[in-house]
Every structure is written in structure tokens, then in C-alpha cells.
K.L.:
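Once you've had a glance at the structure underneath, I'll fire off some questions.
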Amino acid sequence: MSGAVWHWTDHQGLLFYLNSKTKNIMSKVRVRFAPSPTGPLHMGGVRTALYNYLFAKKHGGDFLLRIEDTDQNRYVPGAEQYIMESLQWCGIHWDEGPGTENAFGPYRQSERKEIYRQYAMQLIESGRAYYAFDTPEELEAMRKRIEAEKSGNPQYDSRSRLSMKNSLTLSGDDVERRLAAGENYVIRIKTPENEEIVLEDIIRGTVKVHSSQLDDKVLFKSDGMPTYHLANVVDDYLMKISHVIRGEEWLPSAPLHVLLYQSLGWEASMPQFAHLPLLLKPDGNGKLSKRDGDRLGFPVFPLQWKDPNSGETSSGYREAGYFPEAFVNLLALLGWNPGTEQEIFSLEELVASFSLERVGKSGSKFDPEKAKWFNHHYLQSQPVEIVAEQMQEMARQQGQENTLEKLQKIATLMRERANFVYEILEQSQFFFEAPTHYDEGFAKKRWKEDTPEILKKLADVLEEVEPFDTESIHQVTHQFMEENQVGAGKLMPGLRLALVGSGMGPDLSTIMEILGREESLQRIRHAAENLKV
RNA sequence: GGCCCGUUCGUCUAGGGGUUAGGACGCAAGGUUUUCAUCCUUGUAACAGGGGUUCGAAUCCCCUACGGGCUACCA
């Protein structure tokens, strides 16, 4: 948390901010989520998007989606679509993005190509950047040389650039000739030699880096596309982004971005930064990565993803049976907390409670067990109609056809013991088919010599129950126990074995109501005839 | 290697000079239940280490250790 930054909102949701550099600037909150379509978004990316969204909505601002596809070599077909579908599934809706027509668009960097060149040229003209003609081999040789000499960082920087082929070392004529001849070139930033770069991070406070540690990063590539660094600064400026909320992996290059704002003369409208702690692998160390796929025993992706190149499929939270509400809830609490003991939050509640000041500094490991607990909660609070519909669909895929009415009864009865809809179905199989075998251990303990006789007698009584519903069955069964001097501990386990096939499950009267008279009696009599211990 | 960031129960975390260091998940025990599960109750378990500053440090400062990120014409 930075001591130098305070902010508060008014009722219009405008954010006034004040920091040590800028004075009393009033601006609308505009944030962006800027993924690269190089594959599926993993849960860490979704969390970044979520925090951006929450922050924007909290302050009545805009949330934009910008596709950072400046690396044409890494483009993966379907990735952009996947990203959008993932956000939509989570309920994270963007105000501006690909597909929305707006003065700030387009929102794909590949469609903004010409814009960047103009600013790269501006930097060249003002002496803040320069052309470089070095080949990959020459770059490699330079790194090796510095490494061997131990004369500094093996990088293209204010020291080494003087021994390279660029518009700082070459004559003006030579540079002109090379450009005219169409020789490959890049544009690099000319990092100041001796300057302290200070940035205020909302989460981390003041971060200082000396410019001598920074290298002359490529801003504009030989293929005519900008690198992330240039594109991101130019777009954030043009799109009037007020806060850059992104992963901690960007912290080391944040000083470069500050330098770019300064060099382009945009320092007064530079956004505020907030670098989020990373999501870590639950086993061992390191940040969670796409490569982790299903290796850890739980999905790392919001939605299932099929890699178009390898054909490999990675599972997603949606397909694993998670409700988007649960996924969003658990993600929100991974790195942020409200300062109260509330843990269950709807998206609306998150919007109301969220603040960057309460985002922690250290990385968090994801706990699959707690994820299940969240889903359990949302399974209980879901309208039972929805649960039944999902059960119907799942059962249908397994070739089972059931009425919604029956499934609703089952869902009501069974869901509290399940974490996922599919678990309800798994634990409810006895509703759909009669036991084909009986749990041996349970039978051994509870199926007594006289159990078949008692059950047959009970079946005869149940034959007459009217109506055949939970209440009547319950009443008649208890009356039966009393009249026949049979305790519940004696009758019920056997009855359960007959109806369910094992020693588990909910209330037997309710089970019988759902099964119906015919099926219930058939099961009881079948067990009485056939089960021998 | 260099630069930067971090470190409270197993995990997510509260707590920011004086607390029995709080909650949640998990785990364990007990209760409820005709069974299993749910549910309820109780319990288990943490300030990385060392120096300071202070009457007093989990909290402020320094060092160490450990972990992480970055170090591409990737984002």
C-alpha cells in the first residue's frame, strides 16, 4: 500500500486521485484487461480480468478488453474466442472490446498497426529512441562478450549500444542508406544513463529502479509491429486508461513504461499502476502456468481447451462441474480479502466490497479442496429447477431419460451431500435402477435371520398406504414397528439394503415416495426372497 | 549472475507497537440422524532466523535465509 496515494469516490463514481507527482486530476476510471491470444486464459488471467472488472465497476468506470496480438508468430487460432467466452461465462462483461464500435477502437493491436509506427517515429525524432540494425548473431556475440568480460549486464544498454550497429554509432548517411535499401531494423528506446526511475504502485508502494539497470528494449520490431511495451503504453494513453492492473510479472518492466510515458510527453496522464501478486502452483513453487494443464489434478483453465496444434485437451472449471459463481468467488478471495469474515460473495457483492488496497502482496496457492467447498455452497443456493435441468442434461448424455419433476425431488433430497451436480447423479443411481447387488459388509452386520419375514410383512402393509407419500409412509412404518415390536435399528437397515443396496442414503420414506409404490414393493420383496447372508 | 518483489496455522487469510495471534478450508473428536452424507459443537495447527529501536515487536529498522518474478525483434 502506498503512503503517497489516496483516493475516494463521489456518487457519480468518478475517481479523484492525488499522488506525489500529479495534482488533483479528475478522471473517469477506465481499466483494461489485455490478454495475448497465444492460447487459453488460465485462472490467474481470469483473476486479473476479474480484479480489473471489479475495480472499474466499483468506481462506476469502464472495463475494456484489448487483444494484444502483436506477436504474429505466437498467434493461436481460437484463443481469442476462448478468452471472450471464458470472461462471459464468469459474468465479466466488457464495456469496450473487439466487436464494440467506439472512438477508442479498434481493440485488437494487430488492427492498430499504423498507429504505433507514428509514435515510434516521434521517439526517434525527439532523440528518445534509435534505429538498430544488429543481426541476431551480433546480439548473441555481444551478450557472450560481456559475459566473458564480466564487464556488466549482458544486455543492449547505455554501455553496450556504443559498440553496436545503430543510428547512434553509424553516420547519418549510412543509416539513410540502410533504411532506403530496406535493411531490417528495429527501434530501441534510448535509456537514460543515470536516472532514478520512481513509480508508485498502489499495491507495493514506491518502487525505485536505476536507469543503468534497464536495457534499450526493442519498441518496434523488424516485422513492422510494436512490442508489448510500446503498444501497451500507446494504447493505454489513447484509450484513456486510468489504472493499469496487471500481474506482478510486469513489475520489472514498469519503469520502462514510465520512461515511455515521459519520453512521449504523456507523464501528466500516466495511469496508476497496481501489480497483482501471482497465482502459484499448489505443489512446489513457481507461478501457475498454462503448461500445468491437468497435471495437478484440477483444471487450470476456466473452460475446456483443445489445443489446435497438438490436439491435446485440457479440462476446464465449467466442464468439471463448477458454477461460474463459485469460480469467481474463489478467485476473488485468492489475493484479496474484504477485511471482514465474509467469504461468500456474489459478483455484485464483490463489486461493492472490492478495493485494490486490500489486495495482498504475496502470491497465493490455489486450494482445490476449498474450491469444492465453494461449489458445494453454490450448489445448495442454486434454484432447484436449475439443478434438475442440469441433471436431466447429464443423465441424457448417459442415455437416461428422466422427468424434471422426479429430478427436482431427487435434487432437493440429495444435493446437500454433493459438491457437484454430477455427484448428485452418481449418488442417486439407486433411484434409476434397482440394486443388482447388496453391500456385503453392511448386509453381514444388519441383515438378520428374521429380516426377510419382517420386510415381507411391511410390504403387505405398504401395499395399502394411501396416498403413497413420505408422510403416510413414515407414519405407517412407525406404526408397523410399534405393533410388531420391532425397533428402527432392526427394521430400517434391512429396508435400506433392500431399497438402496447399501447402507447409505437419505430418509427411506422419501426414497419410497420417489420410487413409487410398485417399484418400492418390488425391491423389498426381491431382497426378502433373494438376499441371504 | 544482475535487478525487482515477497515471507502469519498444511492452504487462503485477519491483525500494521500492548490480542488467550482471529476466521475459513482441510483434518480429528463429540452431538444430531434408522445408515452414509449434510448440519452443529469442540479441538488441531502459524508470526522464517538473527540483530537492533522500544517499558513493550507478528507489527518499525537492518542483516541473513528462503521463495518468486524479470533479465527475447514473447506477452
Side-chain angles (χ1 to χ4, degrees), chain A residues 1 34-38 68-71 73-74 109 132 134-136 139 143 147 150 152-156 184-188 201 203-204 207-210 212-215 217-223 225-229 231-232 246-255 275 277-278 280 282 284-287 330 333-344 358 360-374 376 380 414-418 423 427 439 442 445-446 477-478 481 487-497 500 502-509:
Chain A
M1 262 162 260
S36 171
T38 53
E68 309 234 329
D69 54 351
T70 51
D71 185 357
N73 300 321
R74 294 210 306 158
Q109 291 184 328
D134 314 272
T135 64
L139 258 18
R143 290 188 192 108
E147 195 98 50
K150 293 188 165 56
N153 296 333
Q155 60 186 23
Y156 209 121
N184 273 350
Y185 69 88
V186 298
I187 296 175
R188 287 181 181 272
D201 187 282
I203 294 170
R204 277 152 224 289
V207 178
K208 293 180 190 150
V209 181
H210 195 85
S212 61
Q213 297 300 326
L214 264 32
D215 61 341
K217 276 272 177 317
V218 171
L219 301 178
F220 200 80
K221 300 184 274 186
S222 58
D223 65 0
M225 286 293 257
T227 58
Y228 169 83
H229 302 107
N232 137 269
R246 84 242 277 198
E248 194 186 4
E249 69 266 33
W250 293 110
L251 194 51
S253 58
H275 288 94
L278 268 14
L280 274 17
N285 311 306
K287 70 170 173 175
L330 72 90
L333 268 335
L334 233 40
W336 170 84
N337 80 83
T340 67
E341 287 182 354
Q342 184 178 354
E343 294 209 79
I344 298 297
R358 293 206 65 88
K361 290 179 169 64
S362 51
S364 352
K365 290 179 189 169
F366 168 72
D367 179 2
E369 287 305 316
K370 190 144 186 181
K372 288 180 193 164
W373 175 79
F374 273 111
H376 176 263
Q380 311 316 311
M414 300 292 288
R415 68 166 155 183
E416 67 181 20
R417 54 217 302 140
E423 284 181 357
Q427 292 175 38
D439 183 90
F442 190 75
K445 264 172 76 181
R446 305 298 207 134
T477 308
H478 281 261
M481 289 192 295
K490 173 120 189 179
L491 176 72
M492 294 299 187
L495 185 55
R496 179 171 298 280
L497 207 47
V500 178
S502 72
M504 44 172 284
D507 175 67
L508 288 171
S509 304

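Each chain gets a letter, A, B and so on, in the order its sequence line appears, and its residues count up from 1. Owing to the predicted nature of the structure, the values given are computational and were not obtained by experimental measurement.
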K.L.:
Rounded at 0.5 Å granularity, tell me how far OG in A/Ser222 sits from CD1 in A/Ile187.
P.N.:
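One gets 11.0 Å once the value is rounded to the nearest 0.5 Å.
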
K.L.:
When the C1' atoms of B/rA14 and B/rC62 are considered, how many whole Å apart are they?
P.N.:
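Approximately 27 Å lies between the C1' atom of B/rA14 and that of B/rC62.
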
K.L.:
Roughly, in whole Å, what's the span from NZ in A/Lys361 to P in B/rC4?
P.N.:
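A/Lys361 atom NZ is separated from B/rC4 atom P by 17 Å.
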
K.L.:
Measure CD/A/Gln213 against P/B/rG1 and give the value in whole Å, please.
P.N.:
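Computing the A/Gln213:CD to B/rG1:P distance gives 15 Å.
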
K.L.:
Can you tell me how far the CD atom of A/Glu147 sits from the CD atom of A/Gln155, to the nearest 0.5 Å?
P.N.:
11.5 Å

K.L.:
Once you round to the nearest 0.5 Å, how far does NE2 of A/His229 lie from CH2 of A/Trp250?
P.N.:
5.5 Å

K.L.:
With the side chain counted from C-beta on, respond yes when A/Gln109 and A/Met225 share a heavy-atom pair under 4.5 Å apart, and no when they do not.
P.N.:
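No, every pair of side-chain atoms sits at 4.5 Å or beyond.
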
K.L.:
Could I get a table of every N or O pair under 3.5 Å where one atom is in the protein and the other is in nucleotides 11-14 of chain B?
P.N.:
residue : atom : partner  : partner atom : Å
B/rC12  : OP1  : A/Lys365 : N            : 2.9
B/rC12  : O2'  : A/Leu333 : O            : 3.1
B/rU13  : OP1  : A/Gly335 : N            : 2.8
B/rU13  : OP1  : A/Ser364 : OG           : 2.9
B/rU13  : O3'  : A/Asn337 : ND2          : 2.9
B/rA14  : OP1  : A/Asn337 : ND2          : 2.6
B/rA14  : O3'  : A/Arg358 : NH2          : 3.3

K.L.:
Taking atom C1' in both B/rU42 and B/rU59, what distance in whole Å separates the two?
P.N.:
31 Å

K.L.:
Tell me whether A/Ser502 contacts the main-chain N or O of A/Asp439 through its side chain, where contact means a donor paired with an acceptor under 3.5 Å.
P.N.:
no

K.L.:
Assess whether side chain to side chain contact (heavy atoms under 4.5 Å, CB included) is satisfied between A/Asp215 and A/Asn153, documenting all intermediate values.
P.N.:
CA-CA 9 Å; A/Asp215 61 341; A/Asn153 296 333; over 6 Å; no

K.L.:
Using a cut-off of under 3.5 Å, enumerate the N/O to N/O pairs linking the protein to nucleotides 42-47 of chain B.
P.N.:
none

K.L.:
Pick the C1' atom in B/rC27 and in B/rA45, then give their distance to the nearest Å.
P.N.:
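So the two C1' atoms sit 10 Å from each other.
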
K.L.:
For A/His376, answer base if it contacts any base atom (sugar-phosphate contacts may also be present), sugar-phosphate if it contacts only those atoms, and nothing otherwise; contact means non-hydrogen atoms under 4.0 Å.
P.N.:
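It contacts sugar-phosphate atoms only.
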
K.L.:
Taking atom P of B/rA37 as reference, at what distance in whole Å does atom CD of A/Gln380 sit?
P.N.:
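One finds 16 Å between P of B/rA37 and CD of A/Gln380, rounded.
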
K.L.:
If the P atom of B/rG15 is compared with that of B/rC60, how far apart are they to the nearest Å?
P.N.:
12 Å

K.L.:
Looking for any heavy atom pair under 4.0 Å, which part of the strands does A/Gly505 touch: base, sugar-phosphate only, or nothing?
P.N.:
base

K.L.:
What does A/Leu491 touch in the nucleic acid at a heavy-atom separation under 4.0 angstrom: a base, only the sugar-phosphate, or nothing?
P.N.:
nothing

K.L.:
Round to a whole Å and report the spacing from CG of A/Leu508 to P of B/rA37.
P.N.:
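It works out to 16 Å between those atoms.
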
K.L.:
If we take the P atom in both B/rC61 and B/rA29, what is their distance in whole Å?
P.N.:
45 Å

K.L.:
Rounded to the Å, how far apart are A/Ile344 CD1 and B/rG23 C1'?
P.N.:
13 Å

K.L.:
State the pairing partner of B/rU59; accept Watson-Crick or G-U wobble contacts with both distances under 3.5 Å, and report none otherwise.
P.N.:
none

K.L.:
Going from CD1 on A/Ile203 to CD on A/Glu248, what distance comes out if it is rounded to the nearest 0.5 angstrom?
P.N.:
9.0 Å

K.L.:
Which value, in whole Å, describes the distance between the P atoms of nucleotides B/rU44 and B/rG51?
P.N.:
30 Å

K.L.:
State the CE-CD distance between A/Met504 and A/Gln427, to the nearest 0.5 angstrom.
P.N.:
5.0 Å

K.L.:
Quick check: on RNA chain B, is the nucleotide nearest A/Asp507 upstream (toward 5') of the one nearest A/Val207, or the reverse? Name the residue that is more 5'.
P.N.:
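Residue closer to the 5' terminus by nearest nucleotide: A/Val207.
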
K.L.:
Ion pair present between A/Lys370 and A/Asp367, side-chain N to carboxylate O less than 4.0 angstrom?
P.N.:
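A/Asp367 and A/Lys370: not salt-bridged.
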
K.L.:
Donor-acceptor check, side chain of A/Arg446 to backbone of A/Gly494, threshold 3.5 angstrom: yes or no?
P.N.:
no

K.L.:
Using a 4.0 Å heavy-atom cut-off, does A/Val500 contact any base of the nucleic acid, only the sugar-phosphate backbone, or nothing at all?
P.N.:
nothing

K.L.:
Go ahead and name the base partner of B/rC66; Watson-Crick or wobble counts if both distances stay under 3.5 Å, otherwise write none.
P.N.:
B/rG6

K.L.:
How would you summarise protein contacts on nucleotides 70-75 of chain B per nucleotide, using B for base, S for sugar-phosphate only and - for none, with heavy-atom distances below 4.0 Å?
P.N.:
S--BBB

K.L.:
Take A/Tyr156 and A/Val218, measure what side chain to side chain contact (heavy atoms under 4.5 Å, CB included) needs, and give me the verdict at the end.
P.N.:
CA-CA 10 Å; A/Tyr156 209 121; A/Val218 171; over 6 Å; no

K.L.:
Using a strict threshold of under 4.0 Å (side-chain N to carboxylate O), is an ion pair present between A/Lys372 and A/Glu423?
P.N.:
no

K.L.:
Using purine N1 to pyrimidine N3 plus N6-O4 or O6-N4 for Watson-Crick, or N1-O2 and O6-N3 for G-U wobble, each under 3.5 Å, what pairs with B/rU41?
P.N.:
B/rA29

K.L.:
Starting at CZ of A/Arg204 and ending at P of B/rC5, how long is that distance when rounded to a whole Å?
P.N.:
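In whole Å, B/rC5 P lies 9 Å from A/Arg204 CZ.
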
K.L.:
Using the P atoms only, state how far B/rG10 lies from B/rG6, rounded to an integer number of Å.
P.N.:
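So the two P atoms sit 23 Å from each other.
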
K.L.:
When you measure from the side chain of A/Glu369, which nucleotide among B/rG6, B/rG69, B/rG26 comes out closest?
P.N.:
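Ranking B/rG6, B/rG69, B/rG26 by closest atom to the A/Glu369 side chain puts B/rG26 first.
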
K.L.:
Who does B/rA24 pair with, Watson-Crick or G-U, both distances under 3.5 Å?
P.N.:
B/rU11

K.L.:
Look up atom CG in A/Leu333 and atom CD in A/Gln342, then write down how far apart they are to the nearest 0.5 Å.
P.N.:
9.0 Å

K.L.:
What is the separation between atom CG on A/Leu278 and atom P on B/rG68, rounded to the nearest whole Å?
P.N.:
11 Å

K.L.:
Before you tell me yes or no, could you show the steps for A/Arg188 and A/Lys217 under side chain to side chain contact (heavy atoms under 4.5 Å, CB included), namely the whole-Å CA-CA distance, both residues' side-chain angles and the distance that decides it to 0.1 Å?
P.N.:
CA-CA 6 Å; A/Arg188 287 181 181 272; A/Lys217 276 272 177 317; over 6 Å; no

K.L.:
What's the gap between B/rG31 and B/rU20 when it is taken at their C1' atoms, as a whole Å value?
P.N.:
26 Å

